[in-house]
Amino acid sequence: MVTHQHRHAPGTLGERFAVLDPATGEAFEEAHDQQPDELDAVVGRAHEAWRSWRDDRVARATALLAAADAVAAAGADIAPLLTREQGKPLAESYAEIARTAARLRYFAELAPGPQPITDGRPVRSEIRWRPLGPVAAIVPWNFPLQLASAKFAPALAAGNTMVLKPSPFTPLATQLLGSVISAALPEDVLTIVTGHEPLGARLASHPGIRHVTFTGSIPTGRAVAQGAAASLGRVTLELGGNDAAILLEDVDVERIADRLFWAAFRNCGQVCMAVKRVYAPARLYSDVVEALAQRARAVVVGAGLDPGTQLGPVNNVPQLTRVERYTAQALADGARAVAGGHRLDRPGYFYAPTILADVPPDSPVVTEEQFGPVLPVLPYGSLDEAVEAANDTGFGLGGSVWGTDLDRAEAVADRLECGTAWINHHAELSLAQPFAGIKESGVGVAGGIWGIHGNLRPFVVHRPEEA
């Protein structure tokens with residue numbers, strides 16, 4: 001059995017905060033409430049660990065592969081804890097752990113070696129990629145482990161050390177994951193700190209941190225960037241999305257309905273790159289609405305630890321309140337809840353899977369990121385109208401086009417203003433691909449070799465051919 005112990009346990013036993021189970025709304029555990037003034041010591045130890053961690057690329061790869069094996073072996077300990085604090089079905093927690101282990105394996109040996117520069121001069125020039133130093137990651141509550149690993153795997157593989165802060169809504173599984181990984185790494189290479197604000201703000205602005213990678217809201221992302229600017233630290237920001245799915249006239253509604261539904265409702269809709277809006281041709285509008293509504297009515301909603309559960313609760317009260325507010329506003333503006341539209345009458349933070357029809361296009365549930373189990377479906381008259389509506393947003397994370405003529409669908413996808421476009425599916429990513437948003441959806445690039453380079457700086461050596 002894996003324990004929650006850390007090799008460094010700062011703070012006092014009195015500095016604790018409650019962690020709630022979203023399936024009951026009740027506290028089931030406590031986490032350490034790290035004090036911001038303790039960060040100096042934490043970052044200092046990360047800097048000391050970096051001095052040796054950065055030097056041996058082969059040793060780093062070996063350690064990260066061992067860490068991946070340890071994560072995979074600890075799944076039975078970590079998954080129930082993740083489900084308990086986050087709410088997602090247990091199978092999805094196991095999948096998140098598997099992706100964490102896979103990401104560690106993928107990045108373990110990806111760090112680039114020296115790169116020669118050939119420019120015709122009688123000088124031998126070479127780029128030698130160097131790590132930045134201690135880096136920080138601030139992670140949200142929807143995919144605590146997956147998003148943490150998307151940050152620490154490339155950072156550690158590149159030769160940096162990391163201080164990682166999970167959301168106070170989901171600190172426990174990340175803390176346990178950190179213990180599992182740290183047992184395979186030198187001390188202080190990866191440190192998990194848990195607590196409430198201003199802990200994250202202090203971490204982002206700490207002068208000893210050379211790169212801050214953050215996933216969360218636009219306002220907090222701006223604050224993180226401002227904090228990092230004080231020490232000219234590098235930032236990578238993934239700030240959410242309002243992804244549109246455009247259905248073409250030739251789409252086979254029944255064939256794509258399951259994929260489209262789960263592209264919107266996986267993890268109870270709490271996915272940055274989930275489908276948040278559907279645009280359907282007027283001729284097929286009623287069919288699309290009803291196909292999605294049928295699935296919303298049939299899905300099994302319950303506690304994530306229950307074997308039959310397909311959809312868990314909303315993670316926390318502020319997010320549940322947001323979902324309720326956006327839905328109520330849409331209904332007040334004339335929208336129809338063809339399925340759901342209300343909170344479920346049971347303990348916990350459960351909201352009925354909701355399909356909204358006849359939604360005014362300027363309703364907040366359309367223009368903002370609802371981040372919950374609510375999906376507005378809007379009709380369009382012309383394809384140009386649909387593309388314009390899809391692009392008429394401050395977000396630019398992802399989008400998708402659905403139809404049987406793949407060439408035509410790809411041509412439409414090419415018109416979308418976003419970082420990633422899918423055809424006949426949505427929100428599927430490869431470890432090897434870049435992941436980045438445009439507009440207010442983010443700054444910087446994660447994923448693949450781009451994620452490694454975001455954690456490195458070029459150091460160039462020029463040497464003449466002869467003395």
Using a 3.5 Å distance criterion without hydrogens, assess whether the side chain of [X] forms a donor-acceptor pair with backbone atoms of [Y].
{"X": "R128", "Y": "P114", "value": "no"}
{"X": "E26", "Y": "F28", "value": "no"}
{"X": "K276", "Y": "A244", "value": "no"}
{"X": "Q35", "Y": "D33", "value": "yes"}
{"X": "N142", "Y": "Q270", "value": "yes"}
{"X": "D306", "Y": "G308", "value": "no"}
{"X": "N160", "Y": "A155", "value": "yes"}
{"X": "T194", "Y": "H32", "value": "yes"}
{"X": "R295", "Y": "W262", "value": "no"}
{"X": "T354", "Y": "A352", "value": "yes"}

Less than 4.0 angstrom from a charged side-chain N to a carboxylate O is my criterion; do R84 and D21 meet it? yes
Between R277 and D243, is there a salt bridge with N-O shorter than 4.0 Å? no
Would you say [X] and [Y] make side-chain contact, with heavy atoms under 4.5 Å?
{"X": "L344", "Y": "Y351", "result": "no"}
{"X": "L199", "Y": "L39", "result": "yes"}
{"X": "E368", "Y": "Y326", "result": "yes"}
{"X": "L64", "Y": "L185", "result": "yes"}
{"X": "E238", "Y": "C272", "result": "yes"}
{"X": "L177", "Y": "I97", "result": "no"}
{"X": "F435", "Y": "V445", "result": "no"}
{"X": "L456", "Y": "P112", "result": "yes"}

Is E388 atom CD crowded by more than 12 heavy atoms from other residues, nucleotides or ligands, each under 6.0 Å away? no
Neighbour count above 12 (heavy atom, 6.0 Å) for D37 CG: yes
Run the salt bridge (Lys or Arg N to Asp or Glu O under 4.0 Å) check on R222 and E440 step by step: do they pass? CA-CA 10 Å; R222 288 197 178 104; E440 293 186 331; 2.9 Å; yes
Within this structure, what is the [atom1]-[atom2] distance for the pair [X] and [Y], rounded to the nearest 0.5 Å?
{"X": "N242", "Y": "F371", "atom1": "CG", "atom2": "CZ", "result": "12.0 Å"}
{"X": "C268", "Y": "Q310", "atom1": "SG", "atom2": "CD", "result": "12.5 Å"}
{"X": "I218", "Y": "F395", "atom1": "CD1", "atom2": "CZ", "result": "4.0 Å"}
{"X": "T170", "Y": "E85", "atom1": "OG1", "atom2": "CD", "result": "5.0 Å"}
{"X": "L81", "Y": "S93", "atom1": "CG", "atom2": "OG", "result": "9.0 Å"}
{"X": "R60", "Y": "L65", "atom1": "CZ", "atom2": "CG", "result": "12.5 Å"}

Among pairs that include at least one residue of [range], which meet ring-ring contact (aromatic ring centres under 6.0 Å, His included), considering only residues two or more places apart or in two chains?
{"range": "residues 183-219", "value": "F17-H196"}
{"range": "residues 37-63", "value": "H47-W50"}
{"range": "residues 62-84", "value": "none"}

Does the pair K151 and T213 meet the rule for a side chain to side chain donor-acceptor pair (under 3.5 Å), with working shown? CA-CA 7 Å; K151 300 179 187 305; T213 173; 3.0 Å; yes
Any chance you could lay out the side chain to side chain contact (heavy atoms under 4.5 Å, CB included) test for L311 and V300, step after step, and finish with the verdict? CA-CA 6 Å; L311 210 65; V300 178; over 6 Å; no
Smallest separation among heavy atoms of [X] and [Y], with atom names:
{"X": "G241", "Y": "L397", "value": "CA-CB, 3.9 Å"}
{"X": "G396", "Y": "S441", "value": "N-OG, 2.8 Å"}
{"X": "A23", "Y": "P313", "value": "N-CG, 3.8 Å"}
{"X": "E96", "Y": "Q146", "value": "OE2-N, 3.0 Å"}
{"X": "Q86", "Y": "P144", "value": "CG-CD, 4.3 Å"}
{"X": "S400", "Y": "V275", "value": "OG-CG2, 4.3 Å"}

Given side chain to side chain contact (heavy atoms under 4.5 Å, CB included), test Q433 with E428 step by step and report yes or no. CA-CA 11 Å; Q433 77 180 71; E428 296 179 23; over 6 Å; no
In this structure, is the centre-to-centre distance between the rings of W402 and H425 below 6.0 Å? no
Does the structure place the NZ or CZ of R130 under 6.0 Å from the centre of the six-membered ring of F459, at an angle of no more than 45° from the ring's axis? yes
May I ask you to check if R346 and F350 form a cation-pi contact, with NZ or CZ under 6.0 angstrom from the six-membered ring centre and within 45° of the axis? yes
Step by step, would you call S182 with S179 a side chain to side chain donor-acceptor pair (under 3.5 Å)? CA-CA 5 Å; S182 293; S179 296; over 6 Å; no
For side chain to side chain contact (heavy atoms under 4.5 Å, CB included), just list the numbers for L20 and Y349, CA-CA rounded to whole Å, side-chain angles, deciding distance to a tenth of an Å, and then say yes or no. CA-CA 11 Å; L20 306 185; Y349 311 141; 3.5 Å; yes
List the steps and the verdict of side chain to side chain contact (heavy atoms under 4.5 Å, CB included) for N316 and W141. CA-CA 9 Å; N316 56 76; W141 44 261; 3.2 Å; yes
